[in-house]
There are 2 protein chains.
Amino acid sequence: MEEALRPHGLGATQWYILHQLATIGPTMQRELAPLLQIERATVSIIVSALVRKGLVEQVPSDLDQRQKLLRLTPAGTGLWGELPDLAFIHDEAFSDFSDADLETTARVLRAATERLNHRLKGKKA
Amino acid sequence: MEEALRPHGLGATQWYILHQLATIGPTMQRELAPLLQIERATVSIIVSALVRKGLVEQVPSDLDQRQKLLRLTPAGTGLWGELPDLAFIHDEAFSDFSDADLETTARVLRAATERLNHRLKGKKA
DNA sequence: GACAATATGTTTGATAGCTAACATTTATGT
DNA sequence: ACATAAATGTTAGCTATCAAACATATTGTC
């Protein structure tokens, strides 16, 4: 994935934000953190990079001066059109396993993750 | 994991290198890249951080002036003694799943990873 | 021995992520 | 209305990665 994007100077998370803006449309910056499951601060930095490259605009909202609406610039729309189709990654990677195997895998990873979270939170308290 | 280490100002990879030096003993820097499955350059940066903190020494080899032997300093040994036991993470996270479930999980993830690698390499050529 | 190839480590300049602290702005509570 | 709390975004400083270019040192080959 990184390899397909590198020639265009993009990283995976930058791609995902462009994907959001190109597919769903203009989006509040606020919404990206829960969507991508990363911190507000990280969103801020990555959006800055996209703005610096002239691919995305931050338009302050009229109703709430804190919030900024993100929108593709013409250059951003143009570049999006040139990008290869990366959706296959999510679709094909797991395509020919049985549903049972996929369910098992998801269950094991989910349970292990939760177990570690509980354990670490316990240690902290 | 990061949380348990943060009070000591260490990251996961730094911890792993200390673990290697404390458990196995002095190690050539060269060996760490394949061991941790990261790049030479990354090893160099992380080792630099440990050296800067005074926890690790880089001793140039006599036989081959390029190679550097990594060794804990007294401060490094001391800090290692104060660190909580993090080995439980590797041991307990997956401890009460059946072997069959673990095998399925490993197989699915391994195959998916390989498939993506092939796909991306194919695209590049 | 001399020259080319390989191995080792570092540096530079990216992306990506985190926490903590801060400024603004909006919303709440009394 | 006024003070306090919560939401939003940014910045600073850190870890972790990578690729590409570079400096040395060691090994091969001729």
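Proteins come first, then strands; the chains are lettered A, B, ... in the order of their sequence lines, and each starts at number 1.
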Rounding to a whole Å, what distance do you find between [X]:[atom1] and [N]:[atom2]?
X: B/Leu36; N: D/dA16; atom1: CG; atom2: C1'; result: 12 Å
X: B/Glu39; N: C/dG13; atom1: CD; atom2: C1'; result: 16 Å
X: A/Tyr16; N: C/dG17; atom1: OH; atom2: P; result: 12 Å
X: B/Ile45; N: C/dT8; atom1: CD1; atom2: P; result: 19 Å
X: A/Ile38; N: D/dT10; atom1: CD1; atom2: P; result: 13 Å

**Prompt:** When A/Gln29 is tested against each of A/Gln67, A/Arg66, A/Gln58 for side-chain hydrogen bond (donor to acceptor under 3.5 Å, both in side chains), which residue passes?
**Reply:**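 The residue from A/Gln67, A/Arg66, A/Gln58 that satisfies side-chain hydrogen bond (donor to acceptor under 3.5 Å, both in side chains) with A/Gln29 turns out to be A/Gln58.
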**Prompt:** Counting only non-hydrogen atoms, which of residues 50-64 of chain B are less than 4.0 Å from DNA chain D?
**Reply:**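 Going residue by residue through residues 50-64 of chain B, the ones with a heavy atom under 4.0 Å of DNA chain D turn out to be B/Arg52, B/Lys53, B/Leu63, B/Asp64.
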**Asked** Looking at residues 20-33 of chain A, who's got a heavy atom less than 4.0 Å off DNA chain D?
**Response**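 Those residues whose heavy atoms fall under 4.0 Å from DNA chain D, taken from residues 20-33 of chain A in numerical order, are A/Gln29, A/Arg30.
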**Prompt:** A/Lys53 versus A/Gln14: any side-chain heavy-atom pair under 4.5 Å?
**Reply:**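 Answer yes - side chains close enough.
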**Spatial distance of atom OH (B/Tyr16) from atom CG (B/Leu10) [nearest 0.5 Å]** =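 Reported value, rounded in 0.5 Å steps: 15.5 Å.
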What heavy-atom pair brings [X] and [Y] nearest, and what distance separates the two atoms?
X: B/Leu63; Y: B/Ser61; value: N-OG, 3.2 Å
X: A/Met28; Y: A/Leu69; value: N-CD1, 3.9 Å
X: A/Gly54; Y: A/Ala75; value: O-CB, 3.6 Å
X: B/Leu70; Y: B/Leu21; value: O-CD2, 3.6 Å

Considering every strand and a 4.0 Å limit on heavy-atom distances, what is the contact class for [X]: base, sugar-phosphate, or nothing?
X: A/Ile46; answer: sugar-phosphate
X: A/Thr42; answer: base
X: B/Ala49; answer: nothing

**Prompt:** Any side-chain N or O of A/Gln67 under 4.0 Å from OP1/OP2 of D/dA7?
**Reply:**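 Answer is no, no contact under 4.0 Å.
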**Request:** Look at the side-chain N and O atoms of A/Thr13 and state whether any lies under 4.0 Å from the OP1 or OP2 oxygen of C/dG17.
**Result:**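 It does, given that an N or O in the side chain of A/Thr13 lies less than 4.0 Å from OP1 or OP2 of C/dG17.
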**Prompt:** Under 3.5 Å, is there an N or O donor on one side and an acceptor on the other linking the side chain of A/Arg40 and the base of D/dG9?
**Reply:**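 Looking at the base of D/dG9, it does pair with a donor or acceptor on the side chain of A/Arg40 (distance under 3.5 Å).
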**Message:** Suppose we call a contact any N or O donor and acceptor under 3.5 Å apart; does that hold for the side chain of A/Arg66 and the base of C/dT25?
**Reply:**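 Present.
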**Prompt:** Step by step, would you call A/Leu18 with A/Val56 a side chain to side chain contact (heavy atoms under 4.5 Å, CB included)?
**Reply:** CA-CA 8 Å; A/Leu18 294 184; A/Val56 168; 3.9 Å; yes
**Message:** Please tell me whether A/Leu36 and A/Val47 are part of a single hydrophobic cluster in this structure, the criterion being side-chain heavy atoms less than 4.5 Å apart.
**Reply:**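 Linked within one cluster.
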**Message:** Using heavy-atom distances to pick each residue's nearest nucleotide on DNA chain C, tell me which of B/Lys68 and A/Gln37 is more 5'.
**Reply:**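 By nearest-heavy-atom nucleotide position, the 5'-most residue is B/Lys68.
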**Request:** Compare the minimum distances between each of D/dA25, D/dA16, C/dT25 and the side chain of A/Gln65, then state the nucleotide with the smallest one.
**Result:**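 Looking only at side-chain atoms, A/Gln65 lies closest to C/dT25.
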**Request:** Name the closest nucleotide to the B/Ser44 side chain, picking from C/dA16, C/dT11, D/dT11.
**Result:**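 Nearest to the side chain of B/Ser44 among the choices is C/dT11.
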**Which residues share a salt bridge (Lys or Arg N to Asp or Glu O under 4.0 Å) with A/Glu57, sequence neighbours left out** =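 A/Glu57: salt bridge (Lys or Arg N to Asp or Glu O under 4.0 Å) contacts with A/Arg71.
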